Every structure is written in C-alpha cells, then in structure tokens.
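All values reported here derive from a predicted model rather than from experimental measurement. Every chain is numbered from 1, with letters handed out A, B, ... down the list of sequences.
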Protein chains: 2
Amino acid sequence: MEPQGRPRRVTIVDVARHAQVSTTAVSKVLRNAYGASPEMRAKVRRAIDELGYRPNAGARGLRGQTYTIGVMLPDIRNPFFPEILDGVTTSLADTEYQVLLGPGCNGEKEEARVTEAMIDRGMDGIILVAPISSRGHMESVGTAVPTVVIGRHGASPAYDTVTDDDVEGAALVVGHLAGLGHRRIAHIEHHETDPTRLTEMPNARRADGYRRAMRNHGLEEWIDVVSTSYTQEGGYRGTKELLARPVRPTAVFAGADIVAMGVLEAVAEAGLSVPGDLSVAGYDNTTFAAFGPISLTSVDQAGRELGRNAVRLLLERIAERGRPSAQVTLSPTLVPRRSTTRPAK
Amino acid sequence: MEPQGRPRRVTIVDVARHAQVSTTAVSKVLRNAYGASPEMRAKVRRAIDELGYRPNAGARGLRGQTYTIGVMLPDIRNPFFPEILDGVTTSLADTEYQVLLGPGCNGEKEEARVTEAMIDRGMDGIILVAPISSRGHMESVGTAVPTVVIGRHGASPAYDTVTDDDVEGAALVVGHLAGLGHRRIAHIEHHETDPTRLTEMPNARRADGYRRAMRNHGLEEWIDVVSTSYTQEGGYRGTKELLARPVRPTAVFAGADIVAMGVLEAVAEAGLSVPGDLSVAGYDNTTFAAFGPISLTSVDQAGRELGRNAVRLLLERIAERGRPSAQVTLSPTLVPRRSTTRPAK
DNA sequence: GTGAAAGCGCTAACAA
DNA sequence: TTGTTAGCGCTTTCAC
C-alpha cells in the first residue's frame, strides 16, 4: 500500500538519482556554476524537466541565495507606485529573481515589521519605496542585506538611492504657471517637522523647490504655503483655507495628485470651476491625472525609470557588497493639461 | 583581531547558550509548544530579548512552517484590491503570520510563475485574488498548499472560495435604474468565451445577472450587452458603440468602476452630460466612484469582508488540511450617487 | 519537563 | 570534471 497523503516534493536527491549523478552536479547546473561538463548539464536538465523539479528557496537560502527580492510599498493605494513596480518587475523578468511585495505599511512601526520580515525570510535584496522610516532603521536594513531606497534623498554608505529631482519638479510647475501669467500661486505641502525628514523627504524638497522657484520668478511676495498632508483630505482642507483668504490665489500647486483630488473636490463644492476660477497642478502624473474629464496638469516622475535604476543598483550590490554606495537622480517632466490656464483678468 | 565583515546573525544556538538551556527548549518557546515550564519560558524569552533574536523563516520552513501567507493580486492598479488586502492584513495583524504579495500578474503565465514561486518559498497558505488561471492550475496550487480563492465562483475540493454574489449585484443595479424609470438599460461586459470561465468569472455572472434582472423587470426587449473588456479603454469603446445606436440607451451599467471611467470619458467627449443625458452605474465602489466631482453610483463588494473571510478559511485549513472545502458567498450593496437619476422625458 | 540527535533540501569545501 | 561530506538554522522524534 502506498502511504496516503500528498506525494513528497521532488528534491535535488531525486534529480541526482534519476540523472545518475551527484547532488553537487545538480546544484552546479542549477546555479550555472563552474565545474560541469556540457553532457552532464544536459543530463541533469533532462532529469529536472522529466521530474518537474523546482528548487526549495528556503533551503537554498540557508547556504546561498533565495533568489527573492523584496519591495516595500508604503501605500498600495497610491497610483504612482505601480509604475515603479512595473520598472522593477520588467527589469527582473528575465533573471531568476522573484519579486515579493511587503504591503500595508502605514507608519514607521509597520515599515519596521515588514522590512524585518523580509530580512528574516532571506531576501537577497530589498527595495524600499518612499519609506518614512528613520535613517537609522534604513541603515540597519542596508547593513543586513543589499538595499536600494527609492524616493528619499540623503546619501548613506549602507544603501543606494534613486530619486527624482523634486526641486526641479516644483520649478517646472511654478515656471509653467508663471509663464501662463499667474502670480498668486499657492502650494499645499505635507506637514513635516522632523529635521532629518525635512532634508530627505520628497515632499519637503518640493515645498523648498516651490519657494525657490517663486523667488526666481520675482514672486516672493506671493509665496503661500498651506501645510496639511499628502492625502485627498489634506488637499480638501488646504483648499478650504486658501479659498478663505482675503486675496485668493489664482493657481494651486498640490504636492501630489492625490492632494489635487481633494483640491478639485473643494473647488467644486465652493461652486467654482477649474481652470476658470482656479488653475490646479498636481505631482506624480497618475492615471487619475490623465483621466479625460479631470485632465490634471502634473509632474511625471518616470516611475518606470526609478524602478529600473533601483534594480540595476541592487543587482550590482548583490554582486559586490563592498562597493561604495551610489545615488542616482532622475529628472521629472511636466505634463500640461486642461486644469491649468491663464488667470482670469 | 575580530574577524571583519558583518556580524553573524543571532541563532537559536546563541539564545540557548545565553539562557543555559537546550535549543529544543528555545524552539518550544518560539512555537508555544507543549513541554516547557513557565520558568524556562521566562528565561528563554529574556534571552531572546537581550540578544535581539529573530528566527530564520527559511530554516523554520525546512521542518515546520514559514509563518508567511502569500497573496496573489492580479493587477495592483485596480483600486478595488486594496480593500481586500486591508481585510487580509488586519485579520492577520495579531498573528505571527506575515503577508507577502505576488505582483504584476497580467496573464495566465505570470500567475503561474508567481504562484509557483510562492510554493517554492514555502508559503504556509496562499490567497488568490480574482485569478484568471485555469481550474487545473488552481487545483494544483491548492493541492500543494492550503489555498483560498477570492472572486471566482465554482467549488473545488482542493481550495476554498470567497465570493460576492455578482448576480445579486447586477440585480441591484438594474433594480435601481428600473426604479428610476429607465427601460433602455445597456450593459458593458468583459468578453469571455472559455466555457469554464463563463461559469466561474465574476464578470460573466454580472452579465448573466443583468439579463435575468432585465427579464424580471419585464425589460427583455431592451437587453443590450456590449462585449468589450474590463478596462477604461473597454468602457470607452463600448460607449462609442452604444451612442451610435439608432435608439440610444438612457442608462449604462458598466461591469466595473474602471469601465465606468471609460464611459464617462466617452460621454464627455460626445458633448453629453451625466446623468442628464445618460445615467451611469459602475461596480466595485472604488475611491474613484466616491470622488465628489465624479460621484458614481456603484456596487460595493465589501472587499474587507472578502479578505477577512479568506483569512479565516485559510487559517482553518492550515490547522486542518483534510477538512472539506468551503464556499462563502457575501452579499453586495448598492451605493447610489449622483451619476444616476430618472431618465429625461 | 528536558535535551541529545537526526534530518529538512540545499550549497560549499574539499578530495579524488 | 566529479563526488563525498559537512554544515546552514531550525523542528522533531525519542530517550531520559
């Protein structure tokens, strides 16, 4: 009688026996390692196919690699992240690496939990997308496993970074609006107090870029920043505040498309129209911005490129852990749409 | 001289030595297993904290569990999935399980790659969200590891299912529109030919539910289904087609909110207004539908509940692999908004 | 209640 | 080029 239950999984031993070689030989073929003749490789390959063998990643990880890359996404709801992810997965598509995502990171504690879980699961490399964690935590991650951080400024020897030039992005928006004739251009930013984050977070850079660009255009007297949060709610509240000003702005630069959604909602509620009464620009060029009836002017961060570059750096660092850390900065582009126009006379 | 390089990770052996007990004892404490006195537990716990020990999931998986649940999401862009994910992660928040997502599954091949990767990585359980894979593949997954399928009808002994009643959802929409006085209610469906999928896929059920509901309301002569795809583009093309009819519908039931986006775009392009010229209803109740300026009537699938139920079934099955498979069906609700109103006289 | 020892599936030294 | 062997960090018998 066969013992009941699911059949035991095929292991490297089964393959070795079936191909009449040693397990070492099979292992070498699996890893394309040196020291196996073409005939042997062929024999092993055939056995693998015939038995439908697939290596156990956990067991591999115990000695070597798990061939798994972990990507931490802070908020799966943010429509900007899929672009990054696309860049990551397509870059990794014809490698042996598999991407797994760590979800639902709202807050530092969750981020820590997810990143530690990834380390514990033997990820060969980790990509942190727009993390809010402290530098210290990111450095401990980078020390434990090759790490690339996307969307966070500030170099560290422990990890590589890939960022967009947020100052330039903000300048693009201000330049665009100023070029249309706007002077009273307001900005809705994400409130930030922590000194490190004021330097490293993209939102802080955008606010900074806004101020600088306003000055460069001789508009310093109209600098007007409302500090809420990068959420729809934040955009809504910020706009309420702006519309209550004695002298209303003629244009609003929202720090993110999601914020712009809140702006549009508040504007509609106030019975005003976009762009007739108010020009609105966002940041991230999400599908929402591209949606016809909305048609939001926005800054495109080239998310795919961010992902692609992160993978390149990560694979480099997996191959050579000791190499000095790198920082890649990409340039954003402006996508003008119907939500911005010249101010009403 | 200390040997250079990163310090070796703390292992169970270190903890055992530090606590002056055996590794077996530590293992028992980790798993809350029988056979350790309270004093021993306390001693081990202290050692774990003092050394900052965290177990290696790969090594655990070699004999026991990895404490990892894999969730396959077909399209991270679909704004309906975060809800499900929320339900999953919150249900798992105070367990020892960690959720990891398999990303970017466009197509059967990608789904197979991701699900196999999850099996190879020793996931203790797998949740498939709205898979398009063949029954055969899903059964092979379910045979290898405890599996719950969300959003796919059709029972199998190899896995449990959690679905919304899509027929009922379609009936809610038709009932709502008919109640407003509409008769010429058209439906945009996702084209499907495969016989199994015609039975199992939610989109097919919705189209079916639409037809049945139309009949129940005595509107069979107005049944009008356009077969495109569940994408914005599909909604756009479908609407073009509908607007070209000699007798135009007065209401459109889009099979998904993303389809409704395309509908709205085409309607706007045609110079028509919603709901004045055309009432539009979607399905999924995404944040997009809730967005003020859009205000799309939609069917709420209670994504959180889907996720919660999936976790419950999965944990049950992990605890008792042999138990008969279960099917849970949840009831959707209608969320009426401004995109639907009575037809123009 | 406790611990010694075997072994999960694989890779990496090392011999042959 | 090939195979033998010793672990990787953990769980699991099975004695005590």
Value in whole Å for how far the [atom2] atom of [N] lies from [atom1] of [X]:
X: Q65(A); N: dC10(C); atom1: CD; atom2: C1'; result: 13 Å
X: K28(B); N: dG9(D); atom1: NZ; atom2: P; result: 22 Å
X: I12(A); N: dG7(C); atom1: CD1; atom2: P; result: 19 Å
X: I48(B); N: dC10(D); atom1: CD1; atom2: C1'; result: 13 Å
X: D124(B); N: dC8(C); atom1: CG; atom2: P; result: 19 Å
X: N32(B); N: dT11(D); atom1: CG; atom2: C1'; result: 15 Å
X: N56(B); N: dC10(C); atom1: CG; atom2: P; result: 16 Å
X: Q20(A); N: dG3(D); atom1: CD; atom2: P; result: 10 Å

May I ask you to say what [X] touches in the nucleic acid, namely base, sugar-phosphate or nothing, with a heavy-atom cut-off under 4.0 Å?
X: A33(B); answer: nothing
X: T11(A); answer: sugar-phosphate
X: R31(B); answer: base

The side chain of [X] lies closest to which of these nucleotides: [options]?
X: A59(A); options: dG9(D), dG9(C), dG3(D); result: dG9(C)
X: Y34(A); options: dT1(D), dT2(C), dC10(C); result: dT1(D)
X: S27(A); options: dT11(C), dT2(C), dG3(D); result: dT11(C)

Counting N and O atoms only, with roles assigned by atom type, does the side chain of D49(B) sit under 3.5 Å from a partner on the main chain of R46(B), one being a donor and the other an acceptor?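 Not a single qualifying donor-acceptor pair exists.
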
Main-chain N/O of A326(A) paired to D160(A) side chain as donor or acceptor, under 3.5 Å: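 Such a contact is found between D160(A) side chain and A326(A) backbone.
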
Please tell me if Y67(A) has a side-chain N or O lying less than 4.0 Å from either OP1 or OP2 of dT11(C).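 For dT11(C), OP1/OP2 do not have a side-chain N/O of Y67(A) under 4.0 Å.
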
More 5' along DNA chain D: G35(A) or T23(A), using each one's nearest nucleotide?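 Per heavy-atom nearest nucleotide, the more 5' residue is G35(A).
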
Pick the closest DNA chain C nucleotide for L62(B) and for S37(B) by heavy atoms, then say which residue is nearer the 5' end.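 Residue closer to the 5' terminus by nearest nucleotide: S37(B).
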
Check P146(B) against R317(B) and note the closest heavy-atom contact, atom names and distance.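 Minimum heavy-atom contact is CB-CG, 4.1 Å.
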
Give a yes or no on whether a salt bridge exists between K43(B) and E39(B), defined as a side-chain N under 4.0 angstrom from a carboxylate O.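 No, no charged N to carboxylate O under 4.0 Å.
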
Does any N or O donor sit under 3.5 Å from an N or O acceptor when you compare the side chain of T24(B) with the base of dA4(C)?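 Such a pair exists between side chain and base.
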
Looking only at N and O atoms, is any donor in the side chain of R60(A) or the base of dG9(C) less than 3.5 Å from an acceptor on the other one?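 Answer no: no donor N or O sits under 3.5 Å from an acceptor.
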
Pair T68(B)-R121(A), side-chain donor/acceptor within less than 3.5 Å: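 Looking only at side-chain atoms, R121(A) and T68(B) do form a donor-acceptor pair, the distance falling under 3.5 Å.
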
